[in-house]
Amino acid sequence: MSPVSNVKIDKILVSIIGRALKAFTDEMSLCMEKTTRSPILCEAKDFVTGLYDAEGRMLEQTENLPILSFSLSPVCEHIAKKFAGNIFPGDVFFHNDVFSLGNQNNDVAAFKPIFHGEILVGWAAAKGHMADIGGNVRGGYNPNATEVWQEALRIPAVKVVERGVLREDVWDLIFANVRLDIVQEDMRAEIGACTVGERLLNGLIDKYGLDVFEAHKLALFEASRKMMLAEIRSIPNGTYSGEGMVYFDGKHPGSEFTIRVKITVEDEEVLFDYSDTDAQTKGFVNGTYTSSASATLLTFLQMVNPDIPHNHGMTEPIRMIIPEGTLLNAAYPAATTFGNHLCPPNADAIIRALAPVIPERVTAGWNNLLCSLSSGEDPRKGDAYVDILFMGLKGGSGAMCDCDGYDHIGMIDASGGLLDQDYEMFEQQTPHTLIEHEYLTDSAGAGEFRGGLGVRTLYKVGSDDTQIVTFGDGDVEGAFGLFGGGDGGLNLIELRQP
Amino acid sequence: MSYKIGIDVGGTFTDLYLWSPDGELQSHKTLSTPKDPSVGVLTGIEQLGETKGLSLAQFAPQLGTIVHGTTVTTNATLTRGGAKTGLLTTRGVRDALEMRRGVREEQYNNRFTNVEPLVPRALRCGIGGRLDSTGAEIEALSEREVLEALEFFKAEGVEAIAICFMNSFANPAHEAAAAELVRKQMPDAYLSVSSQLLPTVRFYNRISTTVLNAYVGPILENYLSSLTGRLADAGFDGVLHVMQSNGGVAPPEVARERPATTLLSGPAGGPGAAVACSRPLDYNSAIVVDMGGTSFDASLVQDGEAAMYNESDIERLRIALPMLAITTIGAGGGSIGWIDDGGLLRMGPESAGALPGPACYGRGGTRPACTDANVVLGYLDPAFFAGGKMELDAEAATTAVLEHVGKPLDMDAEAAAAGMYRMINANMAHGVREITVKRGLDPREFPMVVAGGAGSLHACMIARELDMPTLIVPQTASILCAAGMLYSDLRHDFVRSYVTRLGSIDRARLDGLIGEMLKEGEGQLKAEGVAADRIERQVFFDLRYMKQYHEVTVSVPPGTATPDSLDAACTAFHAEHDRLYGYELQKEGTELELINVRVRVTGVTDKPSPPKFPEGQADASGALKGSRRAFLPESDCFGDIAVYDGHKLRPGNLFSGPALIERIDTTILVSESYAAEVDIHGSYVLRQKGGQQ
């Protein structure tokens, strides 16, 4: 890397480069939204795009669903080290492996190194939730899994394109283990988004020169770091503890687990220590290091100034201890597909810990996810259908000390980024008839400021061979109230026979 | 032959553009009268008459056509000043309107609240009765429940009613029956029926659009009554046309039926004017930028037509009628510069507005706005702002910039102002980029047409950022939308949903739908006095690959759905999909699905030819006012800049940047790498030096 110490910092250029990087990752995101095929990606926007420096440090991200956002930087760093000396212009790497910093098996990422001339200057990455990634069951959610191979094909960092040439053997090996053809298309879309990011970042470096870019990048990190430090400084020093409950590991009815966090704030640093969290389960209700770290970050980011530019500097003052073998960081070769959905109880623990300290910045508890997925043959078309009932799985956010919760935006890890299917498109694309989808009266916790409302969704099943899969929580413990506010209602799925 | 006027009513000014029988074109500006905008309109007309030596009573009868752009519906939506509206919808889904599919646009901001729905829950009534996805009745409409709801609406003093039932796009019977009851029970209420306004699949789009239409209906109706009344009193007996969001015009009767089509009535004139001023330079496409006091709009002309979106959002409310594609960002002359907690400079979105306004206005503003930076940079002459009508306080501008931006960044006022200027230009450049990238276009292939008073100081640097070689600042820049109204045609859009695989399409049904829409449109145009040989017809299909979620709209040659035109649509779809999204699946044989059929009819109007001035010499020294110290943005330093009097420049005059061109209504910066030339129509054309053109 060229020395940057002699470059004079133009403070205005720092702002301008920051603004440009945001536009670039947005453009990568637009590319994903418009070119992917699976509705999980193009409709629900369950993906993230980002740019990173040569060492894998985050330059900027567009985080549509934040829960998968904060594992890209660590994996980027991992690839840069693992392939050091073996990274060339035109390479593309794939990765999903949860035991080398992936967050969830189905969240498969593409990484493309960005070279400016001969010099590696950064990485472009895109990651989305793939409709299938092999394993025992279609779609990946396998409550019977006890080890990773029953859940998915593991893709440790692997080079699928070298110097612009597709490694067909590697490509075929991967996709021979995936059920649905659209996954190949969606991974091509990820590569496309990375190529867009590569071109844009190179254009920026061409314009200002590499030395200037490198120096101003560091200044940009520093500005974000300062903003985060200011936020942390405003929290009184001390150690604060909180708990969140996880019910049922998918195998043992009545089983319960506790997430315990100790948050230590010392001047300009905050440490989230999960050492006292319960041990991992024998089922698939287990977190991975980066899914849990993402959950921690996205919860904390909702308690600070939302204007902080998302880059390495923002995350630098935030430290975490998530010991291997706990529920939040299961040891190899545990099953972990449900890990992203441990975000809500993790958020509960953090909110409970910090509520007494920064009451004006926390929300009360959020509604947890309870999901149902129906599939079968549409008798009108003689064709298979699959539907995730997005409109039915979203409850409300917790209230704050001075404003109501937001109705029907889902669990905290979606935070309003996941859209309902349109009712009439639902009736076009499934054989079901929607009978009711309305706010559920009194479902929110009561108080001076109420929580966000949940919904009641009722539909008439229209196929004969229907299979309905359900998973999730919020059926034992509702969203909790704070400062005297009431709790939210419980989640419920009911099947009525005519 | 008689006079024709384009009138664009904005928040501060009412802009007028007059086309006289002798071909002369004339711009005029007068203050708006927000309480009843028709007062300002009449004042403007009267003032224009005076320039001809005519009293209002003499002038008004000579007006053949008035084309009018209004923001009354937009303002009613923004300020929640619309009619008290009741909603009749299907039992069980009355909250769809408020849920907006469960979105929260700012994910990390827990104090971000939902938009207030245009109809409160108590006035959203679920009615028994149900159609299935093909339009077949599952349960009969409960007329009793409709009547009960109407009793309640009457008691509540409801002024407008929206009707939107599930699957009514496939069968309007239930909505028609309910509408009949409304007409009987509440004949004075404004009525908006979804299957008439927007018979397309997607419930949320339809219910939101129908409610918006009802909500602004009485507002537009009152306004148009007031306007037509005043015009008639003045002796006007010509044709009044209202500018619609689709870039076409419609008579008041049609606008009253579909008031939601006027939500972008104001800016919709821009692209038409851009075509008129770029065509003489052999362009058929353009990017139009309009920088005002609080916001910056970018829109697009492609192949001579304004680019449209079939779905857009207004203040986070969905409207699914064809509207001008426009990207708006919070960057204007009033945008405030500030330093964030990380020590970085930001511009906007907060704006000083008209009050207190930028610090240099001397109305009590102390925080630095973009206009203050432009004063510090020497771009605006404090003594010649608005042609000298308003003196600017340069000292106040310098103090504001220094205190709030300079000191925190450890810079002097000039460096700080230069930073503000660079930053807001970068923001606007990303706005322009967004509108092209979303359509898979390359901004470098377009000229930039500059509108609005504030934009011309920034346009060069936006264009340079995007590598756009040509800019056009028309004489009418400060009233571009009013001018565009004189270049607009009568235009009506229709749409019907027909969800089917293309392989199993029923041609007779498709022909029937297209024929029905064409008949309605042609009938409408005939009633508006359009001769048959001036009617143009366009047919569009919304298509997608099977199991995709987003459609691509492609146009097919007019005529009915012959096998040829369907094939042409498919070919066009694959090509457009590839252009927009980088791939197509023709070879793979992936089947296509039709969702909507659209028809657009256009009645071509007479248009003025742009004014021509005698061509002169390249030497522009006759217009040179002198020079002053100002910021050279490409060299990043201050220097002497030549200042030209824009009103004295003549066609053929050619000079190199850096230079400033001062006019009463705008000041244009020609940066170092651009040269300016005045074309035969008086437009200032700025071209990158050493470029191809």
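Sequence lines set the chain letters: A, B, ... in the order given, protein chains first and strands last, and positions in each chain run from 1. Any value given below was found using the heavy atoms of this structure, including those in side chains, with hydrogens, waters and symmetry copies removed.
Summarising the geometry, atom CG belonging to A:Asp407 is positioned 11.0 Å from atom OG1 belonging to B:Thr113; distances are rounded to the nearest 0.5 Å. Atom OG of A:Ser15 and atom CD1 of B:Ile339 lie 7.5 Å apart (nearest 0.5 Å). Within the model, atoms OH of B:Tyr204 and CG of A:Asp422 stand 10.5 Å from one another, a figure rounded to the nearest 0.5 Å. Distance check: A:Ile12 CD1 to B:Met411 CE gives 4.0 Å after rounding to the nearest 0.5 Å. One finds the OH atom of B:Tyr108 at 9.5 Å from the OG1 atom of A:Thr299 (value rounded to the nearest 0.5 Å). In this structure, CD in A:Glu427 is found 5.0 Å from CG in B:Asn167, a value given to the nearest 0.5 Å.
Not a single donor-acceptor pair under 3.5 Å links the side chain of B:Asn109 to the backbone N or O of A:Pro306. Side-chain atoms of A:Gln302 do not come within 3.5 Å of backbone N or O of B:Asn110 as any donor-acceptor pair. A donor-acceptor pair under 3.5 Å is formed between the side chain of A:Lys394 and the backbone N or O of B:Gly102. No donor-acceptor distance shorter than 3.5 angstrom exists from the side chain of A:Gln428 to the backbone of B:Val499, with no hydrogens or angles considered. The backbone N or O of A:Ile409 sits nowhere less than 3.5 Å from a side-chain atom of B:Arg104 that would complete a donor-acceptor pair. Side chain of A:Glu436 to backbone of B:Val93: no donor-acceptor contact under 3.5 angstrom is found. Judged by distance alone, with hydrogens and angles left aside, the side-chain atoms of A:Glu424 form a donor-acceptor pair with the main-chain N or O of B:Arg202 at under 3.5 Å.
Ranked by non-hydrogen atom pairs under 4.5 Å with chain A, the options B:Ile595, B:Asp341, B:Asn425 are led by B:Asp341. Note on B:Glu106, B:Arg91, B:Glu434, B:Arg101: by heavy-atom pairs under 4.5 Å with chain A, the leading option is B:Arg101. The candidate from A:Gly18, A:Gly398, A:Ala20 with the greatest count of non-hydrogen atom pairs under 4.5 Å with chain B is A:Ala20. Heavy-atom pairs under 4.5 Å with chain B were tallied for A:Ser224, A:Ala223, A:Gly452, A:Ala414; the largest tally goes to A:Ala223. Listed options A:Pro66, A:Ala230, A:Gly410 were ranked by heavy-atom pairs under 4.5 angstrom with chain B; first place goes to A:Pro66. Of the residues considered (B:Arg501, B:Met166, B:Met420), B:Met166 shows the highest number of contacts with chain A, using heavy-atom pairs under 4.5 Å. Options A:Val455, A:Val14, A:Asp402, A:Thr433 differ in how many heavy-atom pairs under 4.5 Å they form with chain B, and the most are formed by A:Asp402. Listed options A:Arg361, A:Lys226, A:Met400 were ranked by heavy-atom pairs under 4.5 angstrom with chain B; first place goes to A:Met400. For the options A:Arg225, A:Met391, A:Gln421, A:Lys207, heavy-atom pairs under 4.5 Å to chain B are most numerous at A:Lys207.
Taking the six-membered ring for Trp and thresholds of 30 and 60 degrees, A:Tyr406 and B:Phe112 have nearly parallel ring planes, at less than 30 degrees apart.
Under the 6.0 Å cut-off for aromatic ring centres, A:His437 and B:Phe203 do not qualify, their centroids lying 6.0 Å or more apart.
For the residue pair B:Arg111 and A:Glu360, the shortest heavy atom distance occurs at NH2-O, 2.6 Å. Across every non-hydrogen atom of B:Arg130 and A:Leu434, the tightest pair is NH2-O, 2.7 Å. In terms of heavy-atom proximity, A:Gly417 sits nearest to B:Gln107 at CA-NE2, 3.4 Å. In terms of heavy-atom proximity, B:Asp95 sits nearest to A:Tyr439 at OD2-N, 2.8 Å.
For B:Ala96, the parts lying under 4.5 angstrom from a heavy atom of chain A are both the backbone and the side chain. Within the 4.5 angstrom heavy-atom criterion, only side-chain atoms of A:Asp383, from C-beta onward, approach chain B. With a 4.5 Å cut-off on non-hydrogen atoms, A:His432 does not touch chain B at all. For B:Arg206, the part lying near chain A is the side chain, with the backbone staying farther off; criterion is any non-hydrogen pair under 4.5 Å. With a threshold of 4.5 angstrom between heavy atoms, B:Ser497 does not approach chain A through any atom at all. With a 4.5 angstrom heavy-atom cutoff, A:Cys403 touches chain B only via side-chain atoms. In this structure, chain A has heavy atoms under 4.5 Å from both the backbone and the side chain of B:Glu98.
With contacts defined as side-chain heavy-atom distances shorter than 4.5 Å, the pair B:Arg121/A:Glu438 qualifies. With a 4.5 Å cut-off on side-chain heavy atoms, A:Glu27 and B:Arg433 count as touching. Put simply, the side chain of A:Leu13 reaches to within 4.5 Å of the side chain of B:Arg422, judged on heavy atoms. Between A:Asp307 and B:Asp340 the shortest side-chain heavy-atom distance does not fall below 4.5 Å. Within the 4.5 Å cutoff, the side chain of B:Leu344 has heavy atoms near those of the A:Leu220 side chain.
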Begin with the C-alpha distance, continue with both residues' side-chain angles, and end with the deciding distance and a verdict on side-chain contact (heavy atoms from CB on, under 4.5 Å) for A:Lys11 and B:Asp410.
CA-CA 10 Å; A:Lys11 287 178 182 167; B:Asp410 198 17; 4.1 Å; yes
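A 6.0 Å sphere centred on CG of B:Asp442 holds more than 12 heavy atoms belonging to other residues, nucleotides or ligands. Remark: A:Lys381 NZ is packed, more than 12 non-hydrogen atoms of other residues, nucleotides or ligands lying under 6.0 Å away.
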